[in-house]
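Take a look at the structure below.
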Number of protein chains: 2
Amino acid sequence: MKETPDKKLSIIDVAKLAGVSTATVSRVLNGNGGYSKKTEEKVLRTVKECGFTPNGNAVSLRTNRSHCIGVIVPDITNEFFAKIIHELDIFFLEHHYSLLICDSNEDYELEDMYIHNLIQKNVDGIIYISGQDEIKNISSVETIPIVYIDRCPKNAKVLIQSDNEEGGYLATRELLESGCRNILLMRDLRYASTIRQRKAGYLRALEEAGVPYNGKLEIGIFPDYEDARIMMERVLKVMGCYFDGIFATNDRIALACIQVLMQHGYRVPEDVKVVGFDNVSLTEFCNPSITTITQDTRSIALAAGKSVLDLIHHKKIKEKMTVIPVALERRHSTETV
Amino acid sequence: MKETPDKKLSIIDVAKLAGVSTATVSRVLNGNGGYSKKTEEKVLRTVKECGFTPNGNAVSLRTNRSHCIGVIVPDITNEFFAKIIHELDIFFLEHHYSLLICDSNEDYELEDMYIHNLIQKNVDGIIYISGQDEIKNISSVETIPIVYIDRCPKNAKVLIQSDNEEGGYLATRELLESGCRNILLMRDLRYASTIRQRKAGYLRALEEAGVPYNGKLEIGIFPDYEDARIMMERVLKVMGCYFDGIFATNDRIALACIQVLMQHGYRVPEDVKVVGFDNVSLTEFCNPSITTITQDTRSIALAAGKSVLDLIHHKKIKEKMTVIPVALERRHSTETV
DNA sequence: TTGAAAGCGCTAACAG
DNA sequence: CTGTTAGCGCTTTCAA
């Protein structure tokens with residue numbers, strides 16, 4: 001609580017002030033033991049008095065630990081990812097790590113730049129959330145711990161994932177139980193593993209209900225609101241409304257489908273029922289509200305956070321893959337009248 | 001593109017490999033001049049060949065520059081803030097800075113911890129977005145450049161802000177022009193400067209239209225969906241619908257009001273017209289869609305980014321305060337029938 | 001145009 | 001229990 005000094009003071013200044021060596025100050029500050037109660041108090045007092053904060057760069061250089069975790073995320077503007085970051089932030093604050101956030105904008109080149117950046121910054125670990133179809137393996141980072149969320153390259157160590165298959169199953173079963181028999185699968189055209197799993201769930205539900213799979217009912221689209229709208233318009237124009245249910249692999253697609261359907265005079269849920277994926281807050285407030293699959297962002301973040309920490313501390317990771325349960329959130333878009 | 005070496009190589013290794021001194025390697029890498037074309041090529045080639053990346057911590061320690069910017073944000077899950085971060089990320093990637101994101105959860109204590117963290121990490125600058133009523137001045141960080149967004153302590157150097165007064169004015173004028181005469185002001189109860197400015201705009205529009213201000217029409221609430229709902233319920237129960245328009249100081253409040261009104265049998269916009277603030281994507285898709293004030297997140301982020309950079313490079317800042325224009329986004333919630 | 005060497009602030013071995 | 005000291009990997013004088 002003193003006036004700001006001309007120059008930031010170093011451990012040497014503190015040592016002088018406390019009348020001990022820098023080693024002792026360091027020991028006390030890091031709680032490494034090997035000092036008397038008395039010196040501890042003395043050091044702690046001087047540290048507080050002069051408001052000393054160790055220079056993180058020096059510490060990092062010396063210990064080869066930056067206490068930084070890099071997080072690569074496709075789009076922080078997407079509520080699903082934002083929630084994960086939020087939870088990660090809380091988790092890592094507790095563990096005294098800072099988060100270096102890299103919003104890759106789903107852009108390969110940017111991701112490369114970011115990775116390079118992170119290496120240079122000497123991050124202790126990376127959490128890698130990719131929207132990409134396939135992630136290339138980052139050979140240059142083989143030395144630093146990476147935990148993947150959602151997707152990962154073949155030789156990756158750790159992957160955290162929602163139970164996408166179950167999600168696809170729950171979504172489709174909900175539609176079937178509401179009486180749908182021709183369920184459109186509106187899926188991300190980048191045929192990533194998460195999407196394949198959701199489709200697998202869709203197929204399982206279909207089979208269980210004795211409804212044959214119809215390839216004409218599967219449509220790949222770019223998972224963006226505008227693109228989904230355009231595709232839905234086209235489908236309606238060319239094929240008409242040849243379906244009575246839609247399982248969309250994310251909420252934005254679901255929303256786009258509903259909007260287009262309603263603009264063409266179809267009623268949701270009366271004529272067509274719809275289920276989305278992610279449980280973005282929009283789904284609760286749009287009209288009709290959208291039945292969707294909740295991904296447990298908190299558990300995902302927690303699992304990812306714990307895993308990087310384990311990796312950093314060279315603990316054995318039990319499971320290469322952690323699967324986080326999902327749940328169906330029932331709303332108006334699948335209501336039976 | 002060689003096999004991963006046992007240990008990360010240092011500038012010394014590169015120097016040996018290239019047959020020059022470490023000083024020369026450093027000079028070339030930093031483009032500081034004072035070397036021949038030939039050595040430059042030689043060094044660059046070896047650097048590429050062995051995939052050398054300088055140790056950022058060593059650089060930072062030596063130069064006292066971390067090339068990190070700390071960003072403190074109340075809630076990254078809020079689309080408005082997420083967008084700002086997104087734009088900041090893009091801006092600073094170009095300028096070779098990394099972003100240390102601190103999600104303060106609108107919590108003073110957390111903010112303190114984060115600040116401490118950032119100091120220790122030796123960030124070159126801080127961008128501080130606070131949801132708080134009044135920000136306390138961080139005396140211990142007087143030495144490092146801080147740019148504030150939205151709110152700032154008295155003695156702050158730089159503040160970036162939307163034109164909140166104009167926003168309040170536009171919102172209220174829209175309601176007045178749609179025929180409203182009893183306009184409820186549903187405002188954040190934390191009476192921060194941004195909110196005061198929005199109210200000032202509200203008053204200006206009222207005055208311009210010759211409508212007297214009525215204190216009974218001003219209600220302070222915690223700006224959260226659930227709290228806003230509860231308050232609206234109470235208002236309706238106690239006072240009935242004694243208003244024909246609502247200006248809510250954020251979109252979540254606006255949404256809550258609309259939902260409650262409709263559940264009580266009032267029609268929006270026929271009986272009550274509503275304007276929100278922020279232009280969160282929800283407002284476009286809910287029913288009815290909500291007229292709102294757009295804050296230009298990109299310009300805000302750009303201004304903030306440029307300002308920290310200027311501060312870091314000791315450039316003179318022209319204006320202590322930068323005001324970013326806002327715009328009215330007209331939607332169904334203020335439509336005249 | 002280049003190299004030698006000091007030192008950024010800290011930790012950790014080693015010696016006492 | 002405490003101090004001395006050698007670096008961590010880099011930049012930057014200074015001298016050549």
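By convention in this document, chain letters (A, B, ...) are assigned in the order of the sequence lines, proteins followed by strands, and residues within each chain are numbered from 1.
- Following rounding to the nearest Å, B:I12 (CD1) and D:dC8 (P) show an atom-to-atom distance of 7 Å.
- Between A:K16 atom NZ and D:dG3 atom P the separation is 14 Å, expressed in whole Å.
- Closest to the B:T39 side chain, of the nucleotides C:dT11, C:dT1, D:dT4, is C:dT1.
- Atom NZ of A:K42 is surrounded by more than 12 heavy atoms from other residues, nucleotides or ligands within 6.0 Å.
- End-to-end axis angle of the helix from C:dT1-D:dA16 to C:dG16-D:dC1, using five pairs per end and rounding to 10°, comes to 40°.
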Check: protein-nucleotides 14-16 of chain C nitrogen or oxygen pairs below 3.5 Å:
none

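- Of the candidates D:dT11, C:dC10, D:dT4, the closest approach to any side-chain atom of A:P54 belongs to C:dC10.
- Set against D:dG9, C:dG9, C:dA12, the side chain of B:N55 has D:dG9 as its closest nucleotide.
- Counting to the nearest Å, the P atom of C:dG9 and the CG atom of B:N122 are 10 Å from each other.
- Proximity note for B:A58 (side chain, C-beta onward) versus C:dT2, D:dC10, C:dC10: the nearest is D:dC10.
- Looking at residues two or more places apart in sequence or on another chain, you find no salt bridge (Lys or Arg N to Asp or Glu O under 4.0 Å) involving A:K320.
- For the pair B:E41 CD and C:dT1 P, the interatomic distance rounds to 14 Å; values are reported in whole Å.
- Using cut-offs of 30° and 60° on the angle between ring planes, the pair B:Y97 and B:H67 is parallel.
- Rounded to an integer number of Å, the gap from CG of A:L9 to P of C:dC10 is 9 Å.
- In this structure, the nucleotide among D:dC10, D:dT11, C:dT11 sitting nearest to the side chain of A:T22 is C:dT11.
- The two atoms that bring A:D103 and A:P74 nearest to each other are OD1-O, 3.3 Å, heavy atoms only.
- Side-chain nitrogen and oxygen atoms of B:N57 include none within less than 4.0 Å of the OP1 or OP2 phosphate oxygen of D:dC8.
- Atom-to-atom, CD1 of B:I11 to P of D:dG9 comes out at 11 Å; the value is rounded to the nearest Å.
- B:K83 pairs by the salt bridge (Lys or Arg N to Asp or Glu O under 4.0 Å) definition with B:E79, not counting sequence neighbours.
- In this structure, A:N122 and A:S60 have side chains that are not in contact, with every pair of non-hydrogen atoms separated by 4.5 Å or more.
- With sequence neighbours left out, the side-chain contact (heavy atoms from CB on, under 4.5 Å) criterion links A:D13 to A:L9, A:S10.
- Within residues 31-38 of chain A, the residues having any heavy atom closer than 4.0 Å to DNA chain C are, in order of number, A:N32.
- Between A:S21 and D:dT2 there is no side-chain N or O to OP1 or OP2 distance below 4.0 Å.
- Taking every heavy atom of both residues into account, A:S193 and A:D150 meet most closely at OG-O, 4.2 Å.
- Taking the salt bridge (Lys or Arg N to Asp or Glu O under 4.0 Å) definition, one finds that B:K316 meets it with nothing, sequence neighbours left out.
- Sorted by first then second residue, the ring pair (Phe, Tyr, Trp, His ring centres under 6.0 Å) pairs that include residues 14-57 of chain A, not counting sequence neighbours, number zero.
- For B:L93, the side-chain contact (heavy atoms from CB on, under 4.5 Å) partners at least two apart in sequence or on another chain are A:L110, A:M113, A:Y114, A:N117.
- A heavy atom closer than 4.0 Å to some atom of DNA chain C occurs in B:L61, B:R62, these being the qualifying members of residues 60-69 of chain B.
- We find that NZ of A:K121 is positioned 15 Å from C1' of D:dC10, with the value rounded to whole Å.
- At the phosphate of C:dT11, OP1 or OP2 sits under 4.0 Å from a side-chain N or O atom of A:S26.
- Remark: A:E41 engages no residue in a salt bridge (Lys or Arg N to Asp or Glu O under 4.0 Å) (not counting sequence neighbours).
- Not counting sequence neighbours, the partners of B:D124 by the side-chain hydrogen bond (donor to acceptor under 3.5 Å, both in side chains) test are B:S66.
- The backbone N or O of B:N55 sits nowhere less than 3.5 Å from a side-chain atom of B:N57 that would complete a donor-acceptor pair.
- Checked by atom type and distance alone, the side chain of B:D188 pairs as donor or acceptor with a backbone atom of B:R190 at under 3.5 Å.
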